[in-house]
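Let me begin by presenting the structure, written as structure tokens, before commenting on it.
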Amino acid sequence: MAESEREPESAAEAIPPACQNFMIPRKEINMVPDMAKWKRSQAYADYMGFILTLNEGIKGKKLTCEYKVSEPIEKLVALLNTLDRWIDETPPVDQPSRFGNKAFRTWYAKLDQGAENLVATVVPKNLAEAVPEVAVYLKESVGNSTRIDYGTGHEAAFAAFLCCLCKIGVLRVDDQLAIVFKVFNRYLEVMRKLQKTYRMEPAGSQGVWGLDDFQFLPFIWGSSQLIDHPNLEPCHFVNEKVVNENHKDFMFLECILFITEMKTGPFAEHSNQLWNISAVPSWSKVNQGLIRMYKAECLEKFPVIQHFKFGSLLSIQPVSS
């Protein structure tokens, strides 16, 4: 059995929060040997289970397909719309350096102060005790205000934020399509706007050898969307015409469009890893390979995971079988 098939069931099948002692998440991975604790942790099992459940749920479906949009989903989109509006209200400042516009710190301060209030708009009153714990993941998901950078660790914090909302029962199993297509997709739009507006640096980027400077999950989920597509194959995503005609339906192609807008020169040079992926024969192979790569290059890398925070919902305790 393939490794990706025997991951834990959905984190959405949550424990009732009545018996939960919520806590402010904190860092637990302080040295490289601590990585073993992370890989054995309940948090790792729940996080990977969540990613793979969504990966399965959206297989073969377009962003534009019909799906249920619940009230919590609409509230999450409204929350992201607020973050977007704050970017408009916080224009970049004139400064000598081209990268890392300091206005990002002003924008981030608004989120830092307002995160709990924002999360409280999504979480029902009877779960108010969970708000401070869940809000930490939202604050961690937008980039680092000191370095003015953003990377896959911040993206993971947003997925963790959504996973926590599933664990306390705010998001449910039938929200799966909307979680990816409506909420996560809106998150990507806001992050791209942040990156462009404040010229954020890629966090710990591997440059041309990384999959992308900023994101990873939309490539995993985006490749799942394309599995068994009647005419789009992996070799097609390097074709500009194909991308322009189909990007509104597929997250993967939306990512490619953003990369080509932001970078100049031959695709094979500025995005070598993606160029190599275009030679893989099928989308299901691409999807499986990306899941393995995500584990190896993001979740098993100390520079990424040292920043991850653990609380009661995503626990550092060893997984209970």
Side-chain angles (χ1 to χ4, degrees), residues 2-5 7 50-69 152 155 158-159 175-193 195 208-298:
E3 185 188 346
S4 64
E5 288 165 13
E7 293 290 347
F50 179 69
I51 299 300
L52 293 171
T53 300
L54 293 175
N55 186 61
E56 196 56 39
I58 63 167
K59 192 182 281 183
K61 295 188 170 68
K62 293 181 176 182
L63 288 170
T64 47
C65 74
E66 298 259 320
Y67 52 83
K68 170 181 168 259
V69 179
T152 49
E155 176 191 56
F158 191 75
D175 286 319
Q176 280 180 24
L177 285 175
I179 288 171
V180 180
F181 292 172
K182 202 144 184 81
V183 179
F184 191 79
N185 209 37
R186 183 71 185 109
Y187 165 75
L188 288 178
E189 289 169 358
V190 177
M191 292 308 105
R192 286 171 184 147
K193 187 168 171 178
Q195 288 150 26
V208 67
W209 304 112
L211 193 61
D212 172 35
D213 287 340
F214 298 109
Q215 239 79 43
F216 203 112
L217 291 174
F219 292 100
I220 294 179
W221 291 334
S223 59
S224 180
Q225 282 185 278
L226 285 155
I227 288 173
D228 297 331
H229 192 284
N231 35 14
L232 287 180
E233 292 172 14
C235 61
H236 291 129
F237 76 75
V238 291
N239 179 326
E240 198 179 333
K241 184 170 180 284
V242 170
V243 172
N244 288 335
E245 287 172 4
N246 296 282
H247 70 93
K248 287 189 168 65
D249 285 327
F250 300 105
M251 207 173 251
F252 195 103
L253 301 181
E254 194 70 68
C255 291
I256 300 296
L257 184 70
F258 183 66
I259 289 170
T260 53
E261 281 173 4
M262 299 298 280
K263 295 188 172 182
T264 52
F267 193 91
E269 284 176 23
H270 65 59
S271 301
N272 189 268
Q273 283 274 34
L274 282 166
W275 178 260
N276 293 340
I277 286 171
S278 70
V280 176
S282 71
W283 285 112
S284 60
K285 284 266 190 299
V286 170
N287 187 247
Q288 289 161 5
L290 286 174
I291 290 166
R292 281 196 301 275
M293 187 179 171
Y294 184 60
K295 289 177 179 174
E297 298 301 323
C298 299

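- What you find for F216 and C298 is that their closest heavy atoms are CD1-SG, 3.8 Å.
- In this structure, CD in E240 is found 11.0 Å from CD in E245, a value given to the nearest 0.5 Å.
- How far NZ of K62 is from NE2 of H229: 5.5 Å, rounded to the nearest 0.5 Å.
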Worked verdict on K241 versus N244 for side-chain contact (heavy atoms from CB on, under 4.5 Å): CA-CA 5 Å; K241 184 170 180 284; N244 288 335; 5.8 Å; no

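- Between M191 and F214 the shortest side-chain heavy-atom distance does not fall below 4.5 Å.
- N287 and S224 share no side-chain donor-acceptor pair at under 3.5 Å.
- At least one side-chain heavy atom of W221 sits under 4.5 Å from a side-chain heavy atom of I51.
- Heavy atoms only, all atoms of each residue included: I277 and L290 are closest at CD1-CD2, 3.7 Å.
- Here the CZ-CD1 distance, from F184 to I58, works out to 10.0 Å after rounding to the nearest 0.5 Å.
- Within a 6.0 Å sphere centred on NZ of K193, heavy atoms belonging to other residues, nucleotides or ligands number more than 12.
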Would you please test T260 and V243 for side-chain contact (heavy atoms from CB on, under 4.5 Å) and show each step? CA-CA 10 Å; T260 53; V243 172; 5.7 Å; no

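- Contact annotation: the side chain of P218 approaches that of E155 to within less than 4.5 Å [non-hydrogen atoms, C-beta and beyond].
- Smallest separation of non-hydrogen atoms from S223 and I220: OG-O, 2.7 Å.
- V183 places none of its side-chain heavy atoms less than 4.5 Å from the side chain of D175.
- Contact of the I256 side chain with the F219 side chain is registered, since non-hydrogen atoms from C-beta on lie closer than 4.5 Å.
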Between M251 and L188, is the side-chain contact (heavy atoms from CB on, under 4.5 Å) condition met? List the steps. CA-CA 10 Å; M251 207 173 251; L188 288 178; 4.2 Å; yes

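- Heavy atoms of other residues, nucleotides or ligands lying less than 6.0 angstrom from CD of E261 number more than 12.
- Judged purely by atom type and a 3.5 angstrom limit, W275 has no side-chain atom pairing as donor or acceptor with the backbone of P266.
- Here CD1 of I227 is found 8.0 Å from OG of S282. Values are rounded to the nearest 0.5 Å.
- Distance check, rounded to the nearest 0.5 Å: CD of E297 to CZ of R292 gives 12.5 Å.
- Residues Q215 and T152 come closest through the heavy atom pair C-CG2, 4.1 Å.
- Two residues are said to be in side-chain contact when any heavy atoms from C-beta on lie closer than 4.5 Å; F158 and L217 fail this criterion.
- When all heavy atoms of T64 and K248 are compared, the pair lying nearest together is CG2-O, 3.8 Å.
- A pairwise comparison of heavy atoms in K285 and V280 identifies CB-CG1, 3.5 Å as the closest pair.
- With respect to the salt-bridge test (charged N to carboxylate O, under 4.0 angstrom), the residues E189 and R192 do not qualify.
- No side-chain donor from either of H247 and D249 sits under 3.5 Å from a side-chain acceptor of the other.
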Using side-chain contact (heavy atoms from CB on, under 4.5 Å), reason through K59 and E56 one step at a time and then give a plain yes or no. CA-CA 5 Å; K59 192 182 281 183; E56 196 56 39; 3.2 Å; yes

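- Between K61 and Y67, every side-chain heavy-atom pair lies at or beyond the 4.5 Å cut-off.
- Classification of the F267-H270 ring pair by plane angle, with boundaries at 30° and 60°, yields perpendicular.
- Taken from NZ in K263 to CZ in F258, the straight-line distance is 10.0 Å, to the nearest 0.5 Å.
- Side-chain contact check for F250 versus F237: every heavy-atom pair is 4.5 Å or farther apart.
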